[in-house]
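To start, the structure under review is shown below, and the notes come after it.
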Protein chains: 2
Amino acid sequence: MSSSRRDQLIAAAADLLDEGGPDAVQLRKVGSASGVSHNAPYKHFSSKEDLLAALAARELNAVCDAAERKARAGSPLAKTIMLAYVRWALMYPERFRLVSGRWTKGASEDIAQAAQRWQKLLYVAVEAAQKADELPQGDPERISSLILSVAHGAANLALSGHLSAKGKGKAEPSDLVADLFSYLAHPGG
Amino acid sequence: MSSSRRDQLIAAAADLLDEGGPDAVQLRKVGSASGVSHNAPYKHFSSKEDLLAALAARELNAVCDAAERKARAGSPLAKTIMLAYVRWALMYPERFRLVSGRWTKGASEDIAQAAQRWQKLLYVAVEAAQKADELPQGDPERISSLILSVAHGAANLALSGHLSAKGKGKAEPSDLVADLFSYLAHPGG
DNA sequence: ACCTGAACACCGTTCAAGT
DNA sequence: ACCTGAACACCGTTCAAGT
């Protein structure tokens, strides 16, 4: 499964994506970068969108893998996981945008599955933090969504330059995530 | 200034955007919807991106206008402003995505200006809320960024279907914004 | 200054054919 | 099953010319 050629095409697409966004992922270039003709990709993906969806699913699963590895190493902290997430988003802006972009419904079952896996991971970490009294009680899913929203939004704002990067108000996405955990942890601001 | 034809083209672009996203904003259609030829837009905008940038700036300024109108009517509440923002985002997903999308640096001075106006508006509202003890003390800009992040991220997650829409964990973006204000207001969760 | 119609360039996609 | 080369369709953009 997942033939080497298929993986090769996805890897080529990832490189092109990082360099110039989705528009730069031209099937002709994906092909030539993989040593095949410009339309060989159609034997592995039904369309460009299908290729991008496969890439997005791969990326999100990689994020999950990293988080799980960290969790097994003994630090299943929700905060740690989210900080790693925003770090990834800033390191690979285009992949982050792709993963969180719009997907025509049904376009990718894999991506929906990866997203669910990712949410589940955070959910479990939030539950653990609640037991350790590091997060307030209340529906873990709701708190997960709040945390994920901040991480997502902060990364997006930073990437579009809408986060003041200078002066005393300066805040990196990681700072904002940390702020949220701080407010949630110690009441009283 | 802002000739009627120019506005007409932007309006046509907005309609097309709402219907099918940026790819659906085809200059040929923008032209024909405005009763001019397919390349008449080039007399008003240097490129498709320039047209989209003008549209984005118009939209964000409209959001600011609405918020200012509300503020003058006597409710300059940070929370109210943000709830209106997410409502707008869900009502016009494509405009929201466009505004918060990536802009090649220097592509639009107008859009950067509108973004700054928007942030300033929120900043002032946050300061007011702090004085009323409805928000914790601390750098207003930093708190503004946190609030904006949640609104942004929650709207994005909802639009990409990554927000659990069922079960007890169900949360609308407006719920998450309200949650944040609640956590910030009363310590203790 | 604003507009038109023809043309070009590029890229996603399809097709017919090869092994 | 996987690949190739030619061709088509579409759309952003440019050009020469009109008023």
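In this text the structure is predicted, and so the values were computed from the model without any measurement. Throughout, a chain's letter reflects where its sequence line sits, starting with A, and its residues are numbered from 1.
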*Who pairs with Tyr42(B) by side-chain contact (heavy atoms from CB on, under 4.5 Å), at least two apart in sequence or on another chain?*
Leu27(B), Asn39(B)
*Report the residues that fulfil salt bridge (charged side-chain N to carboxylate O under 4.0 Å, His left out) with Glu68(B), sequence neighbours left out, ordered by chain and then residue number.*
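Glu68(B) satisfies salt bridge (charged side-chain N to carboxylate O under 4.0 Å, His left out) with Arg117(B) once adjacent residues are dropped.
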*Taking only residues two or more places apart in sequence or in another chain, which ones pass salt bridge (charged side-chain N to carboxylate O under 4.0 Å, His left out) with Asp15(B)?*
none
*Give a yes/no answer on whether the side chain of Arg5(B) brings an N or O atom under 4.0 Å of OP1 or OP2 in dC3(C).*
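Yes, such a contact exists.
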*Kindly say if His44(B) contacts the phosphate of dA1(C), meaning a side-chain N or O under 4.0 Å from OP1 or OP2.*
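No, because none of the side-chain N or O atoms of His44(B) sits under 4.0 Å from OP1 or OP2 of dA1(C).
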[X]: partners by side chain to side chain donor-acceptor pair (under 3.5 Å), with sequence neighbours left out:
X: Glu49(B); answer: Thr104(B)
X: Glu59(A); answer: Arg95(A)
X: Glu94(A); answer: Arg102(B)

*Expressed in angstrom and rounded to an integer, what is the separation of Arg28(A) atom CZ from dT4(D) atom P?*
14 Å
Is the backbone N or O of [Y] less than 3.5 Å from a side-chain atom of [X], with the two atoms forming a donor-acceptor pair by type?
X: Asp179(A); Y: Leu176(A); answer: no
X: Ser182(A); Y: Ala178(A); answer: no
X: Asp50(A); Y: Ser47(A); answer: no

_For DNA chain C, the residues among residues 32-43 of chain B that have a non-hydrogen atom under 4.0 Å from it_ = Val36(B), Ser37(B), His38(B), Asn39(B), Ala40(B), Lys43(B)
Kindly list each side-chain donor-acceptor pair under 3.5 angstrom involving residues 120-136 of chain A, sequence neighbours excluded, with atom names and distances?
{"unit_1": "Gln130(A)", "atom_1": "NE2", "unit_2": "Pro136(A)", "atom_2": "O", "d": "2.9"}
{"unit_1": "Gln130(A)", "atom_1": "NE2", "unit_2": "Gly138(A)", "atom_2": "O", "d": "2.9"}

*asked:* Let me check I have this right: for DNA chain D, each base becomes ., (, ), [, ] or |, based on Watson-Crick or G-U pairs with both distances under 3.5 Å. What is the full string?
replied: ||.|||||...|||||.||
*When you measure from every atom of DNA chain D, which of residues 19-27 of chain B have a heavy atom less than 4.0 Å away?*
Val25(B), Gln26(B), Leu27(B)
*Near-strand residues of residues 47-58 of chain B, defined as heavy-atom separation under 4.0 angstrom from DNA chain D*: Ser47(B), Lys48(B)
*Could you pull out the closest heavy-atom pair between Ala151(B) and Tyr85(B), with the gap in Å?*
CB-CD2, 4.2 Å
*Write down the atom of Lys70(B), the atom of Thr80(B), and the distance for their closest heavy-atom approach.*
CD-CG2, 4.0 Å
Identify every side-chain donor-acceptor pair in residues 28-35 of chain A under 3.5 Å, counting partners at least two apart or on other chains, and give the distances.
{"unit_1": "Ser32(A)", "atom_1": "OG", "unit_2": "Arg28(A)", "atom_2": "O", "d": "3.4"}
{"unit_1": "Ser32(A)", "atom_1": "OG", "unit_2": "Lys29(A)", "atom_2": "O", "d": "3.3"}
{"unit_1": "Ser34(A)", "atom_1": "OG", "unit_2": "Val30(A)", "atom_2": "O", "d": "2.9"}

